[in-house]
Amino acid sequence: MLGQERAVEAIELGTGHDLQGFNLFVLGPAGTGRHSFIRQFLQEKASKESVSTDWCYVNNFDEPRKPKAIELPAGRGRRFRDDMTQLVKEASSALPTAFESEDYHNRRQEIEQQANQAQEKAFQEVKEQAEELDLGIIQTATGFTFVPLHDGVAITPEEYNKLSEKEQERLQQDTEKVGEELRKTLQKIPQRVRKAREKVQKLNREVALFAVSSLIDELLSEYEEFPRVISYLKALQQDIADHAEIILQASSGEEEGANSIIADPDEIDPQSAILRRYSVNLLVDRNDSDGAPVIFEDHPAYPFFVGQIEHESQYGNLVTDFTLIRPGALHRANGGYLVIDVRKILIEPLAWEALKRALKSREIDTKSIAQAYSLIGTVSLEPEPIPLDVKVVLIGDREYYYLLMEYDPEFLEHFKVAADFEDDMERSDENMLQLARLVASIVRKEELKPLDNSAVARVIEESSRNAGDAQMLSTRMRRIADIVREAHYWATRNDNSVIGTDEVRSAIRMQQRRMSRIRDRLLRETLRNTILIDSEGEMPG
């Protein structure tokens with residue numbers, strides 16, 4: 001960077017340590033090569049740093065609206081995602097096998113027989129008690145009824161009417177007594193059914209845990225150094241055990257059962273829905289990265305900046321789950337560098353405040369902007385925030401820096417280092433030689449025609465003219481590069497193999513001509529005496 005020693009020192013300071021708030025604001029006029037230098041500097045520096053980590057979101061089985069974040073070394077996130085996909089596929093095969101075994105059917109049949117025997121025993125006790133009192137129990141379409149017995153045979157209504165009032169009263173009292181016992185027995189049926197169902201569910205859990213334990217244990221051993229993965233795998237194991245029957249229904253294609261535990265009942269394939277429930281949302285994948293990330297965000301809108309939560313339409317409603325969380329620029333740059341044009345982020349609603357909030361809390365909190373401002377009436381997610389470790393570089397004109405410093409009290413709290421690019425530099429022999437080398441590098445990089453000595457001298461002279469000082473050179477290298485490119489065009493048009501002074505002069509003259517409409521009109525009005533210039537006497541300038 002010619003003549004930018006002060007700015008380079010500031011950039012090295014801002015990127016040299018991880019102290020909070022020492023982010024960079026690169027300010028200066030356009031055309032000085034700020035973006036090119038920052039890109040080259042950061043990419044070279046980042047290539048020597050360690051690769052950042054992967055980030056995943058997984059289902060929170062206790063609170064599905066609050067997915068959990070998991071950090072893994074670079075490349076392990078993709079492996080973890082594939083391992084979970086394979087686990088679910090193998091579990092979907094292992095569970096039917098376990099539940100079709102003879103041992104499982106025998107144990108379940110035993111539980112059902114015990115429940116039926118207990119119910120029959122209780123009913124038989126009531127029946128025997130009734131028979132001791134000369135009463136019989138008859139089951140009807142609407143329940144049970146009692147009839148008087150004589151020698152074990154039900155008596156007719158005529159025979160009942162012939163009984164004495166005392167005998168009828170006794171039968172009435174005995175009927176009420178036995179009816180109360182029968183009512184108690186019937187009231188206990190739901191309790192017995194519930195206990196039997198609990199025993200079956202316990203059996204199902206045991207069988208399911210046994211079926212998937214070997215698969216889970218293998219992963220627990222592989223990821224034993226990652227506590228959050230271990231915690232998730234154990235929770236997943238319990239969830240599979242709790243929903244074993246439903247997973248079996250999904251495996252057999254019964255959609256009704258699968259729909260009770262998935263967020264998307266409109267899913268065509270129930271097996272895919274179960275797979276989605278236990279999948280891994282690989283938010284940031286560094287598998288192919290080499291060094292720390294360097295992200296240039298050209299569209300720093302709020303959802304593209306802090307991430308977004310997408311929704312799907314379902315029966316006229318918008319629904320979402322953890323697999324629809326999408327990363328933003330902060331996620332991709334986490335552990336590295338994020339470069340933003342300050343003008344672009346300032347014109348995006350809420351983006352500037354989101355950046356300051358993330359830098360202050362040092363975490364990325366992905367929220368649905370529509371949900372936060374009640375723009376849509378639908379259920380959204382509250383993903384677990386991800387720790388943020390990023391160096392932010394803002395690039396903009398000086399006016400933005402001083403306006404923010406004046407009107408935003410939090411600005412200097414987050415951007416303590418200013419790298420101010422110079423407008424010009426001293427016209428020394430060393431700087432002129434460096435400028436000539438810069439021109440040569442542009443020629444080589446863009447495969448242009450070479451310049452002879454006189455053409456290089458004319459380019460250096462034009463740099464001084466742009467600086468407005470014969471003792472200085474302009475640092476706006478964009479105009480110098482444009483002159484060299486246009487001179488290449490004129491050399492090609494003139495069939496010259498080398499760019500000379502004439503081609504450089506043609507490029508400069510044509511640039512001036514293209515922008516001289518206003519100048520020519522002022523000259524015309526002066527020659528017509530519409531604009532008068534006083535040329536008599538003296539006046540201080």
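Remember, predicted model here, so these are calculated numbers, not experimental data.
Residue Arg76 comes nearest to Phe226 through the heavy atom pair NH2-CE1, 3.7 Å, listed as atom of the first residue, atom of the second, then distance. Closest approach of Val284 to Thr53, counting heavy atoms only: CG1-O, 4.3 Å. Closest non-hydrogen pair, Asn281 versus Phe322, comes out as ND2-O, 2.8 Å. Between Ile395 and His35, the shortest heavy-atom distance links the atoms CG2-CE1, 3.5 Å. Nearest heavy atom pair, residue Arg276 against residue Thr323, reads NE-OG1, 3.1 Å. In this structure, Cys56 and Gly77 approach most closely via the heavy-atom pair SG-CA, 4.1 Å.
For Phe411 and Phe25, the ring centers are positioned less than 6.0 Å apart. Taking the centre of each ring, Tyr278 and Phe61 come in below the 6.0 Å mark.
More than 12 heavy atoms of other residues, nucleotides or ligands shown are found within 6.0 angstrom of CD on Gln43. For Glu410, the CD atom is densely surrounded, since the number of other residues' heavy atoms within 6.0 Å is greater than 12. The local environment of CD in Gln40 is sparse, with at most 12 non-hydrogen atoms from other residues, nucleotides or ligands closer than 6.0 Å.
Using a 4.0 Å cut-off between charged side-chain N and carboxylate O, Glu297 and Arg332 make a salt bridge. Taking 4.0 Å as the cut-off between side-chain N and carboxylate O, Glu310 and Arg326 count as a salt-bridged pair.
For the pair Leu87/Ile216, a side-chain contact is recorded, criterion being any heavy-atom separation below 4.5 Å from C-beta on. Annotation: side chain of Leu24 is not in contact with side chain of Lys391 (no heavy-atom distance under 4.5 Å).
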- Message: For a side-chain contact (heavy atoms from CB on, under 4.5 Å) check, start with the C-alpha distance between Ile230 and Leu220, then their side-chain angles and the critical distance, and finish with the verdict.
- Response: CA-CA 6 Å; Ile230 298 299; Leu220 289 174; 3.7 Å; yes
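A donor-acceptor contact closer than 3.5 angstrom links the side chains of Tyr223 and Asp83.
Side chain of Tyr57 to backbone of Glu384: a donor-acceptor contact under 3.5 angstrom is found.
Annotation: the span from Asn59 atom CG to Arg277 atom CZ amounts to 5.5 Å, rounded to 0.5 Å.
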